[in-house]
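Residue numbering restarts at 1 for every chain, and letters A, B, ... go by the order of the sequence lines. All values derive from a computational prediction rather than experimental measurement.
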4 protein chains.
Amino acid sequence: PALTTTYRAHLGAGIDGLTARTEPTPEPGPREVLVRVRAVSLGFRELMILRGAYPLPVKDDLIPVSDGAGEVVAVGDDVGRVAVGDRVTAAIFPRWLDGPFTRDVADQLGGSLDGMLTEYALLPAGALLPVPAGLSFEQAACLPCAGVTAWNALTGGRGLRAGETVVTVGSGGVSLLAARLAEAAGASVIAVAGSAAKAARLRELGAVETIDRSAEPAWGERVRALTGGRGADHVVAVAGIGEQELSAVAIEGEIAFVGTLSDVGDAPAIDARRLFASGAVVRTLAVGSRAQFAAMNRLIEARAIEPVVEAVFAFVDAIAAYRHYETEQPFGKVVIALG
Amino acid sequence: PALTTTYRAHLGAGIDGLTARTEPTPEPGPREVLVRVRAVSLGFRELMILRGAYPLPVKDDLIPVSDGAGEVVAVGDDVGRVAVGDRVTAAIFPRWLDGPFTRDVADQLGGSLDGMLTEYALLPAGALLPVPAGLSFEQAACLPCAGVTAWNALTGGRGLRAGETVVTVGSGGVSLLAARLAEAAGASVIAVAGSAAKAARLRELGAVETIDRSAEPAWGERVRALTGGRGADHVVAVAGIGEQELSAVAIEGEIAFVGTLSDVGDAPAIDARRLFASGAVVRTLAVGSRAQFAAMNRLIEARAIEPVVEAVFAFVDAIAAYRHYETEQPFGKVVIALG
Amino acid sequence: PALTTTYRAHLGAGIDGLTARTEPTPEPGPREVLVRVRAVSLGFRELMILRGAYPLPVKDDLIPVSDGAGEVVAVGDDVGRVAVGDRVTAAIFPRWLDGPFTRDVADQLGGSLDGMLTEYALLPAGALLPVPAGLSFEQAACLPCAGVTAWNALTGGRGLRAGETVVTVGSGGVSLLAARLAEAAGASVIAVAGSAAKAARLRELGAVETIDRSAEPAWGERVRALTGGRGADHVVAVAGIGEQELSAVAIEGEIAFVGTLSDVGDAPAIDARRLFASGAVVRTLAVGSRAQFAAMNRLIEARAIEPVVEAVFAFVDAIAAYRHYETEQPFGKVVIALG
Amino acid sequence: PALTTTYRAHLGAGIDGLTARTEPTPEPGPREVLVRVRAVSLGFRELMILRGAYPLPVKDDLIPVSDGAGEVVAVGDDVGRVAVGDRVTAAIFPRWLDGPFTRDVADQLGGSLDGMLTEYALLPAGALLPVPAGLSFEQAACLPCAGVTAWNALTGGRGLRAGETVVTVGSGGVSLLAARLAEAAGASVIAVAGSAAKAARLRELGAVETIDRSAEPAWGERVRALTGGRGADHVVAVAGIGEQELSAVAIEGEIAFVGTLSDVGDAPAIDARRLFASGAVVRTLAVGSRAQFAAMNRLIEARAIEPVVEAVFAFVDAIAAYRHYETEQPFGKVVIALG
């Protein structure tokens with residue numbers, strides 16, 4: 001169609017700064033693809049961007065939201081692997097194809113580049129990947145940030161080996177996918193939940209062991225007991241690196257530091273003495289490469305892994321979706337679906 | 001007891017050279033443990049040793065068989081982690097604890113050291129590992145050679161990552177365990193079987209895809225078709241590295257070369273042109289370290305993996321067990337059980 | 001200038017099929033760069049391409065030669081890091097930026113894409129890298145194939161560690177650069193040369209040990225003696241994998257199989273029994289990624305490593321340069337310099 | 001001789017608790033070796049042990065000092081590779097042979113086991129390594145803790161690759177050896193020194209770049225400028241992980257956290273926000289395995305690397321040596337030599 005409805009953000013104005021507009025539908029140039037967006041998902045990153053608190057560069061008058069899925073409706077010149085009709089998602093860092101992260105590939109959707117909260121998104125062809133077989137658009141829209149972050153946390157450093165123990169903390173998108181992916185990879189998963197009810201839901205999803213940290217605040221000791229005193233080989237730390245994470249991790253184990261659920265500025269300091277005594281590695285990471293995304297998708301397809309969608313909002317209710325995400329600490333992902 | 005029945009081998013005399021004797025039961029010195037053997041398993045290695053065709057040094061008047069399981073009945077001085085009553089297996093290379101293989105740690109049970117085909121075996125304490133919870137002695141006796149070889153084949157080089165594709169060839173002990181371990185580690189397994197009947201049994205064991213190579217001798221092409229043209233990330237090659245293995249493997253994939261089922265002297269040459277065109281890595285390996293054994297056991301326990309025992313013979317029928325192994329190409333392991 | 005002199009190849013016609021033509025100088029489109037070529041270098045790959053014997057796809061009416069260096073004279077739209085006046089080389093596989101090789105990134109200069117034997121070459125911007133400080137255009141033109149292959153051979157698999165032993169075979173471009181790079185990386189280098197004279201020149205270049213294989217055909221044993229019986233950790237095999245390579249390599253060492261100096265069809269078969277007994281890994285490889293090229297350049301700059309140029313021909317004498325390369329088995333690289 | 005002079009420590013009493021005694025010379029049992037100690041070296045660990053502040057278990061009435069070198073004067077039964085007359089050092093963790101550190105191998109010389117501050121030390125045979133060719137006993141005595149820690153810091157995690165940049169901080173034993181080993185491994189070394197005089201001495205030792213942090217407290221920015229904005233690939237952090245270390249490290253670079261020069265209890269907290277923004281990995285480590293020691297020695301031999309000895313004291317002046325170490329912040333190692 002000639003016209004597209006798109007949301008744009010006033011940086012620093014928070015959720016109130018989001019406005020919907022009608023704009024001409026863009027046309028793909030060389031190596032570009034026009035995607036009819038069918039679903040996007042929200043994450044803490046999106047709140048930080050609207051608040052003007054994101055650590056990486058953000059363009060002005062941004063189309064927000066990095067994570068989405070849709071179908072290809074037009075392709076520009078010199079586009080090889082993608083064809084009209086393909087169901088696709090996009091890598092958040094379209095130029096980070098493989099290997100380690102560098103500043104050269106730091107451009108990101110919904111950040112320094114326009115994102116997916118629009119009916120028709122113009123995307124670099126190199127960023128696109130097929131939606132894994134068996135996933136809906138809503139489910140696929142959960143993968144680019146939460147899924148790839150979880151996968152990188154598990155496999156990007158020393159690399160999870162089957163039979164090892166993985167601890168996940170919380171029940172947001174990264175933690176739930178990390179638990180599912182780790183289990184599919186042969187790990188013994190211990191999921192630390194914020195309440196008995198969330199622990200119960202985690203057990204339904206297949207985590208072998210759960211710990212309710214509201215009842216057991218010193219959960220690191222429990223992890224140690226469950227592992228015969230050794231501690232966990234991997235800890236996916238989404239809530240900073242505190243006393244419990246350092247108590248839970250094994251010697252030569254890895255704590256994947258995937259950011260904090262609070263503003264980064266509030267992240268608590270790390271006790272150097274405790275860190276040294278743990279004998280562990282702390283690895284920071286920011287999402288992952290397109291190659292990591294593709295590798296994760298192979299496991300998702302092979303084991304029929306489905307992201308957990310907590311709530312679905314309509315495109316016209318995008319602002320309500322943001323508010324829900326901000327206030328509810330959802331179990332799983334908040335998704336905005338487009339017709 | 002004061003006396004022990006033990007088999008000893010005349011090297012080069014083949015199965016006919018095996019004789020049972022009654023000997024004084026040995027007593028453990030410092031860092032030694034006396035194990036009442038409850039089961040041992042046979043492999044191609046055992047035939048080579050009796051034939052005098054084994055490539056590593058073999059002691060004379062050997063107690064043969066590297067693989068066994070039993071319970072600890074006495075411990076010598078300076079033995080830490082092992083106690084009377086423990087159910088244990090032993091690492092084939094008792095001094096290869098961790099890290100890469102070197103000549104310094106090449107001593108092996110049932111080779112340069114006495115082995116397990118005896119009622120009471122004297123073993124170095126450092127070699128012992130607990131029998132994984134849930135396994136019988138018969139099942140545990142299948143692990144030291146076949147299991148650790150399979151595990152090393154999958155994890156010792158570039159390391160299997162969940163979501164990758166693994167090809168196993170045949171239905172001996174290494175191949176069956178490689179298929180089970182790979183599946184538990186999140187791999188998509190393609191098992192190449194020698195007959196339709198064996199392919200059917202492999203499907204029962206959980207391999208997602210099977211190929212009957214008697215019907216489909218060019219099975220490498222089938223592997224390629226099943227992987228969207230990419231080829232397999234790992235090929236566990238127990239029958240040499242021929243045209244099909246080189247056709248099946250992906251660029252930058254790994255062929256684990258775990259020896260040949262025929263005498264090593266008969267192994268066919270590898271086509272260098274085809275190998276180069278494959279873009280793959282060929283990695284030779286010989287069983288694995290104690291640390292690899294321990295890591296495998298964690299997965300075996302976590303996922304309740306059971307080795308396949310094809311036939312069980314009594315200790316008095318040890319020679320019949322060897323003959324069965326030699327002539328029958330068994331599906332799974334041949335075990336000798338002791339009272 | 002409006003016009004460019006360029007060589008084009010009739011595939012299968014050999015060196016005789018090369019013809020020089022005057023063509024309109026191309027203009028860079030988006031993400032393209034026009035480079036005034038100042039030097040190119042020849043390798044065995046170039047002969048195979050002219051003979052029609054190259055294993056990867058080759059375009060018709062090709063501008064041949066993958067390896068070259070020059071200066072940027074014009075840039076198209078959307079070109080970030082490259083500016084007019086930059087001294088640059090180009091990665092042979094312009095789309096292989098980082099990570100493992102895949103079919104998706106197999107397009108190559110002087111193969112499926114036009115190459116560098118031209119006054120003005122049109123190149124993808126993403127393929128370009130700065131000429132390392134301190135190198136002439138002639139020297140820089142030696143790096144894209146021979147240098148990156150040598151670097152990948154040393155670092156792309158298990159990765160050379162300082163203090164290990166590296167064996168190089170021969171005195172072509174790959175072998176000489178492998179010896180220099182390995183030495184700069186802290187390795188003990190043993191260079192196997194085809195004659196006493198070449199061994200002497202290798203010693204001048206800094207290789208600590210040399211073996212003249214014309215005098216000592218069983219050089220593998222010498223390598224073993226020089227390493228206290230252990231063998232070499234890395235063998236860079238440019239002449240196939242024969243008895244001596246398998247004798248020279250350590251258990252768990254790596255033989256990098258970088259192709260053969262004879263036609264690939266003639267490569268001798270690999271003795272599977274000897275390979276298994278070696279306990280080694282054989283890794284095939286084809287040049288390397290742009291990231292590997294950049295990593296090598298950092299070492300070349302830091303240690304002032306200079307490729308060895310055996311002979312320099314003028315652009316008008318390009319055919320003579322090919323004939324020299326074909327018949328002389330040069331010590332170092334054959335270069336064609338442009339004004 | 002029948003009698004041996006040995007120092008023993010009263011834990012918690014500090015340097016004043018050290019006393020020399022005459023004791024019967026011990027005799028080696030199975031797998032034990034008697035070494036005539038010729039030199040030992042001191043490190044911060046030794047002060048912590050005497051103060052009772054060491055984080056790992058320490059035996060009472062300890063013979064202190066983990067690091068030493070000497071010659072073998074007697075061997076017990078079942079000792080293979082070691083013979084009377086050999087010049088040897090000992091690995092601090094005699095049972096940590098290879099692979100990752102575990103609690104099972106945590107026994108250490110001069111800690112839970114008796115150490116080297118004695119005329120004749122009884123040591124486990126498995127712990128011994130030959131003194132690298134070309135080193136004196138004084139120099140070799142510097143290697144077990146400072147050398148292996150430096151080596152592990154450089155190679156134990158993601159692994160230094162030639163051409164990368166390494167930052168060392170300070171001029172104690174670990175830092176000086178890290179700088180020398182890194183340079184020999186092809187790294188570009190930036191040494192951060194505490195004064196202009198120490199920076200000058202570091203330049204004499206071969207560090208390409210030095211920064212005097214007394215003049216340039218924000219040295220992280222200088223590192224970034226010297227690396228074209230990228231930051232250092234490796235930072236060897238001996239003084240905690242502060243603002244400058246986090247500013248100096250590259251994205252996906254590694255900070256090796258090798259302990260603190262102040263009491264561990266005083267180590268400053270790590271700014272989680274800065275750590276996350278750095279994109280780096282923090283890896284804790286404690287010395288290294290025997291295999292790492294052996295690998296380091298190969299480089300030390302191949303490149304004739306000599307540890308820096310700041311001062312040598314006589315055995316009777318051991319207490320003065322401790323006091324010198326405690327008060328002087330020496331440039332290099334403090335050694336006690338025995339006749």
Side-chain angles (χ1 to χ4, degrees), chain A residues 53-56 96 99-106 152 156-158 224 228-231 233 237-242 245-246 249-260 262-287 289, chain D residues 53-56 96 99-106 152 156-158 224 228-231 233 237-242 245-246 249-260 262-287 289:
Chain A
Y54 198 61
L56 296 177
W96 184 12
F101 188 71
T102 63
R103 291 192 195 285
D104 287 342
V105 297
N152 188 352
R158 64 194 286 283
R224 205 159 273 282
R230 287 180 10 94
D233 303 291
V238 294
I241 297 177
E245 282 82 359
L246 291 169
V249 70
I251 299 175
E252 306 227 13
E254 181 182 287
I255 301 177
F257 185 14
V258 302
T260 62
S262 55
D263 267 339
V264 169
D266 297 339
I270 301 168
D271 183 330
R273 186 187 55 80
R274 288 296 309 264
L275 171 58
F276 186 73
S278 75
V281 168
V282 172
R283 183 169 66 92
T284 60
L285 63 99
V287 198
S289 68
Chain D
Y54 198 60
L56 295 177
W96 184 13
F101 187 70
T102 63
R103 292 190 196 285
D104 287 341
V105 298
N152 188 352
R158 63 193 286 282
R224 203 159 274 283
R230 286 182 7 96
D233 302 292
V238 294
I241 297 176
E245 283 82 359
L246 291 170
V249 71
I251 299 176
E252 305 226 11
E254 182 181 285
I255 302 176
F257 184 14
V258 302
T260 62
S262 54
D263 267 338
V264 168
D266 296 340
I270 301 168
D271 183 330
R273 187 187 55 82
R274 287 297 307 264
L275 171 57
F276 187 74
S278 76
V281 168
V282 172
R283 185 170 65 93
T284 61
L285 63 101
V287 199
S289 69

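- In plain terms, the two heavy atoms of D:E252 and A:W96 that are nearest each other are OE2-CZ2, 4.3 Å.
- Interface remark: D:L275 contributes backbone and side-chain atoms alike to the contact with chain A (heavy atom separation under 4.5 Å).
- Note on D:G279, D:A280, D:A269, D:G157: by heavy-atom pairs under 4.5 Å with chain A, the leading option is D:A280.
- In terms of heavy-atom pairs under 4.5 Å with chain D, the best-connected choice from A:I270, A:T102, A:L285, A:D271 is A:I270.
- Here the closest non-hydrogen pair linking A:F257 and D:F276 is O-CE1, 3.5 Å.
- Residue D:G229 comes nearest to A:R103 through the heavy atom pair O-NE, 4.5 Å, listed as atom of the first residue, atom of the second, then distance.
- For D:E254, the side chain to side chain donor-acceptor pair (under 3.5 Å) partners at least two apart in sequence or on another chain are D:R283.
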